[in-house]
Undergrad: 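Supplied in structure tokens, the structure appears directly below.
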Protein chains: 2
Amino acid sequence: MRELKYAILGLLNQKSMSGYELSAEFESALNEFWSAKHSQIYPELKKLTQEGMITYEVAISGHVLQKKIYTITDAGREDFLRWLAEDQPISPTPKDVFRLRVFFSGELTPQQRRSMFEGHLAQHLARLSYLRQQMNKFDTPPGSSSPEIGDYLVLTGAIMREETTCEWLKKCMDLAGI
Amino acid sequence: MRELKYAILGLLNQKSMSGYELSAEFESALNEFWSAKHSQIYPELKKLTQEGMITYEVAISGHVLQKKIYTITDAGREDFLRWLAEDQPISPTPKDVFRLRVFFSGELTPQQRRSMFEGHLAQHLARLSYLRQQMNKFDTPPGSSSPEIGDYLVLTGAIMREETTCEWLKKCMDLAGI
DNA sequence: ATAATACATGTACATATTGACATATATGGT
DNA sequence: ACCATATATGTCAATATGTACATGTATTAT
């Protein structure tokens, strides 16, 4: 547990930054596998500071606006690397409301089913298109010891996942005869 | 929101059953896309009863052991069908601790990375094998208006998802040069 | 007989997460 | 000048979820 803790430590291990910047990272780089609102991030930063995992310095944006730039400590880095190297069983399959609906979709009329699958397919195709465009940021696949390798691997996985989801949705429409 | 509510109503719409049996359903049929412990189910059943969505009759197992058999009401069925037919945007990508680790895997030694990917691949292959065996319960693919269609569609999706995950893990080992 | 496991229902506490509330400065465009 | 949007940090309340606590009966194998 305490996954948010390690997500934050991992990001601060890459680069010192403010809570606001961390927030932005969760909405961009980590978006395909983790999320956190600022209302969860700020309290966690406070806790991590108290625990000695991170420290901060106050910087000024513009004339007076203060921001706290957080930096990981040696203790924090140690804890993060211990967590990262830990052997852990695969987590239970995550909750998925759409699959829950599909499970009960026998109760829908053919028209309703059609609309459900079509709507989702369109949204997943859009996401897939966005992810493929994201892939362009890598001119060439990063080497196995490049700092970008993790980013590249999860993006590859996200694209494969979306491709399969789209295939599945098409198959559903086919099997459900609509 | 209130997804647990609709998962329960959906199951009770198929068949009246006790909290214990509902619990078992979450661990078997719904396992690939939803989960709930009995400590969450029993309070929700109480709430749904108060809301008039379900009713129960007390039955006796053996000589004295009481169990409550819950049945969906007309109001409950109506609410469930309304929810099922609702147009809803795709949910944000679910949290995935393993992908979080992969994102940071540049910090690991090649040996540690190898062990991480291999361990996960073995577990996903086992799950895939189990799911394929589950598929045998369908002698022939259920027709589009069969009550089993939802079950069949989600199982198909679960197998496709696991297959893709396994492919991705192999690709990761390849790309990370281990 | 007895022991292990399944059946059966509940509560209590801790943690995780989201949405709303609350406030204030900085910057870029019109 | 003014407005919209982005930057910046925090709290609060509600909901969701999981682990542990708590209790008792039924069935099956030894």
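Chain identifiers are assigned alphabetically (A, B, ...) following the order of the sequence lines, protein sequences preceding nucleic acid strands; residue numbering begins at 1 within each chain. Computed from a prediction, not measured in an experiment: that's the story for all the values here.
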Undergrad: Is there a path of hydrophobic side-chain contacts, each under 4.5 Å between heavy atoms of I/L/V/M/F/W/Y residues, joining B:Tyr42 to B:Leu11?
TA: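 Yes, one cluster joins them.
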Undergrad: Answer whether the closest heavy-atom distance between the side chains of A:Glu51 and A:Lys47 falls below 4.5 Å.
TA: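 Contact flag for A:Glu51/A:Lys47 side chains = yes.
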Undergrad: Minimum heavy-atom separation for A:Ile41 to A:Ala36, with atom names?
TA: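 Result for this residue pair: CD1-O, 3.7 Å.
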Undergrad: With a 3.5 Å cut-off and no angle check, do the side chains of A:Ser18 and A:Glu21 form a donor-acceptor pair?
TA: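 Judged by distance alone, the side chains do pair up.
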Undergrad: Whole angstroms only, please: what is the CG-P distance between B:Leu48 and D:dA16?
TA: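 These atoms are roughly 11 Å apart.
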Undergrad: Flag yes if A:Ile72 and A:Val58 sit in one hydrophobic cluster, no otherwise; membership is Ile, Leu, Val, Met, Phe, Trp, Tyr, and two members link when side-chain heavy atoms are under 4.5 Å apart.
TA: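 Yes, A:Ile72 and A:Val58 fall within the same hydrophobic cluster.
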Undergrad: Hey, mind stepping through B:Phe104 and A:Phe80 against ring-ring contact (aromatic ring centres under 6.0 Å, His included) and telling me if it holds?
TA: CA-CA 10 Å; B:Phe104 294 127; A:Phe80 167 68; 5.3 Å; yes
Undergrad: With a 4.0 Å cut-off, would you call A:Glu78 and A:Arg82 a salt bridge?
TA: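 So A:Glu78 does not pair with A:Arg82 through a salt bridge.
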Undergrad: Output the residues of residues 3-28 of chain B in contact with DNA chain D, where contact means a heavy atom of the residue under 4.0 Å from an atom of the strand; sort by number or write none.
TA: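 Per residue number, the list is empty: none.
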Undergrad: For a side chain to side chain donor-acceptor pair (under 3.5 Å) check, start with the C-alpha distance between B:Arg161 and A:Thr93, then their side-chain angles and the critical distance, and finish with the verdict.
TA: CA-CA 11 Å; B:Arg161 178 169 59 183; A:Thr93 310; 4.7 Å; no
Undergrad: Evaluate the side-chain contact (heavy atoms from CB on, under 4.5 Å) criterion for residues A:Glu107 and B:Leu81: first the C-alpha distance (whole Å), next the side-chain angles of each, then the deciding distance (0.1 Å), finally the verdict.
TA: CA-CA 8 Å; A:Glu107 302 293 324; B:Leu81 290 173; 3.9 Å; yes
Undergrad: How close or far is atom P of D:dT11 from atom NZ of A:Lys47, stated in whole angstroms?
TA: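 Distance check: A:Lys47 NZ to D:dT11 P gives 14 Å.
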Undergrad: Below 30° counts as parallel, above 60° as perpendicular, anything between as tilted: where do the rings of B:Trp168 and B:Phe98 land?
TA: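 Ring orientation of B:Trp168 relative to B:Phe98: perpendicular.
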Undergrad: Does B:Lys68 or A:Ile60 map to a spot on DNA chain C nearer the 5' end, using the closest nucleotide for each?
TA: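 Upstream on the strand: B:Lys68.
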Undergrad: Can you tell me the distance, in whole Å, between the OH atom of B:Tyr42 and the P atom of D:dT23?
TA: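 My rounded result for the distance is 17 Å.
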Undergrad: CH2 of A:Trp34 versus C1' of C:dA16: gap in Å, rounded?
TA: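 Spelled out: CH2 on A:Trp34 to C1' on C:dA16 is 10 Å.
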Undergrad: Can you check whether B:Leu155 reaches B:Tyr152 side chain to side chain, under 4.5 Å on heavy atoms?
TA: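 B:Leu155 does not reach B:Tyr152 side chain to side chain.
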Undergrad: Tell me, which of residues 75-89 of chain A have any heavy atom that sits under 4.0 Å from an atom in DNA chain C?
TA: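 Residues of residues 75-89 of chain A that come under 4.0 Å of DNA chain C do not exist, since none gets that close.
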Undergrad: Please tabulate the protein-to-nucleotide N/O contacts below 3.5 Å involving nucleotides 18-25 of chain C, giving atom names and distances.
TA:
residue: C:dG19; atom: O6; partner: A:Ser39; partner atom: OG; Å: 2.8

Undergrad: Between B:Lys46 and B:Lys67, name the one whose nearest nucleotide on DNA chain C is closer to the 5' end.
TA: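 The 5'-side residue here is B:Lys67.
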